[in-house]
Q: 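There's a structure below that I have some questions on.
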Amino acid sequence: MFARVIEADFSQQALFDELCQHDKASQSGAVVTFTGRVRDYNANGAIDGIELEYYPGMTEAALQRLLDEATTRFNLANAGIVHRVGRLENQAQIVWVGTCAAHRQDAFNGASYMMDMLKQSVPIWKKEWADGSPTWVAAKGTDSDAAMRWLTDDKDN
Amino acid sequence: MFARVIEADFSQQALFDELCQHDKASQSGAVVTFTGRVRDYNANGAIDGIELEYYPGMTEAALQRLLDEATTRFNLANAGIVHRVGRLENQAQIVWVGTCAAHRQDAFNGASYMMDMLKQSVPIWKKEWADGSPTWVAAKGTDSDAAMRWLTDDKDN
Amino acid sequence: MKVKFFAQIRELTGTASVEMAVPENATVEGVRQALMARGPSWQEALSVNVLCACNQTLCDGATTVSEQDEVAFFPPVTGG
Amino acid sequence: MKVKFFAQIRELTGTASVEMAVPENATVEGVRQALMARGPSWQEALSVNVLCACNQTLCDGATTVSEQDEVAFFPPVTGG
């Protein structure tokens with residue numbers, strides 16, 4: 001498993017190879033990847049890239065926890081997450097999630113679950129740029145505190 | 001969109017790039033890929049690779065139809081399928097499906113749908129090799145005829 | 001008319017494709033019966049678990065065919 | 001004790017991190033109140049939509065903290 005926060009762009013081939021190479025069973029027939037890219041618009045019109053901030057240490061730990069959770073829940077043979085931070089242009093790759101599993105639906109569900117949880121629960125904050133100035137993106141919903149509960153110690157749950 | 005039946009292996013990076021390059025909206029934030037690989041076992045024990053036969057012409061048409069169906073149903077910005085045929089070793093890549101969409105769940109659902117339908121409905125037949133001899137794989141369930149119904153002309157549906 | 005065979009059916013009959021003459025108003029089922037009359041291996045190959053296509057579109061036995069059509073017989077699919 | 005700030009909170013306060021002394025049995029809420037007393041921009045930054053973590057684990061205001069802990073304040077997450 002691998003969880004990384006990086007500034008540089010990433011290679012689809014390199015991450016796919018890494019995921020499959022360390023597939024501990026060497027027998028997982030299904031590999032799913034999700035890649036998120038910067039969209040060139042938001043609800044108010046065109047945007048000109050984004051900027052991502054994170055919490056060094058806590059963010060990596062949250063990603064690792066997400067991998068552990070998904071691996072157990074969906075019986076994954078291997079999984080990885082790579083998230084970029086810093087300034088990212090339109091269409092740039094932002095995030096990559098990959099899963100290996102014996103069963104196709106587990107691989108799909110594991111990747112989908114990690115993306116859902118990542119968007120709610122991993123300490124990363126996004127600014128969108130438009131007309132030369134940045135605006136912090138507001139979180140969706142008002143229950144982000146509840147959504148992040150799984151990140152707290154087990155004793156608090 | 002692209003639908004191909006090939007003998008040679010394929011590059012994850014090349015297919016990802018092709019999928020995103022022809023994303024007609026240039027704005028789809030979500031890209032999902034599924035890759036199927038040869039497993040080294042079946043219900044009876046170890047296997048030593050597989051061999052895939054297809055129906056030139058009909059198989060490509062069925063794949064293209066699957067792309068059209070998924071694109072409409074899941075509002076995909078782009079989609080592609082590549083299926084290998086011939087003799088394939090354990091762990092070799094067999095099939096690749098990729099989807100681009102504005103919304104994450106559409107990209108996941110479109111790829112999952114195409115794999116479900118492909119396994120039921122595209123004219124490809126599989127042999128498994130074990131101890132030096134090949135055995136044709138039996139289709140799952142007895143309703144394959146019904147499962148293939150969507151391949152028939154619309155007037156018959 | 002061209003008739004193609006795939007997978008187990010191709011192997012059992014030892015035949016990937018044949019050219020055969022068909023009468024007017026022939027059906028795919030009629031073609032199948034005529035082929036099964038060719039001998040035991042044909043009988044075995046075409047008696048159960050057979051799907052058929054006409055001009056590369058899945059069809060049923062009642063579909064009528066003529067000289068210029070391409071008919072195919074094959075088992076349920078197992079790819080992916 | 002080290003206190004870190006992220007995103008809007010970091011920008012509004014103009015501060016990425018501070019060292020501050022805390023009394024015994026201090027709580028995260030007590031730390032937040034002490035920081036808000038620093039001035040209007042601190043008040044604005046820390047009054048609503050604030051999550052807190054102690055030693056990089058999300059916590060609530062009642063959590064007790066001591067000198068060697070790392071506390072952080074940040075808005076709801078928006079990554080991915």
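As the structure is a prediction and not an experimental result, all values here were calculated from the model. Residue numbers begin at 1 in each chain, while the letters A, B, ... track the order of the sequences.
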Q: State the CG-CZ distance between D116(A) and F108(B), to the nearest 0.5 angstrom.
A: 8.0 Å

Q: Of the backbone (N, CA, C, O) and the side chain (C-beta and beyond), which part of S11(B) lies under 4.5 Å from a heavy atom of chain A, both, or neither?
A: both

Q: To the nearest 0.5 Å, what is the distance between SG (C20(B)) and CD (Q91(A))?
A: 9.5 Å

Q: Checking D17(B) against chain A: side chain, backbone, both or neither under 4.5 Å from a heavy atom?
A: neither

Q: Name the region of A14(A), side chain, backbone, both or neither, that has any atom closer than 4.5 Å to a heavy atom of chain B.
A: neither

Q: So which heavy atom on R39(B) is nearest to which on S28(A), and how close?
A: CG-C, 4.4 Å

Q: Is A111(B) close to chain A through its backbone or its side chain, or both, or neither, when contacts mean heavy atoms under 4.5 Å?
A: both

Q: CG of D9(B): more than 12 outside heavy atoms within 6.0 angstrom?
A: yes

Q: Name the member of Q105(A), Q93(A), K119(A) that forms the most heavy-atom pairs with chain B at distances under 4.5 Å.
A: K119(A)

Q: Flag the pair T33(A) / Q12(B) as yes when at least one side-chain heavy-atom distance between them is below 4.5 Å, and no otherwise.
A: no

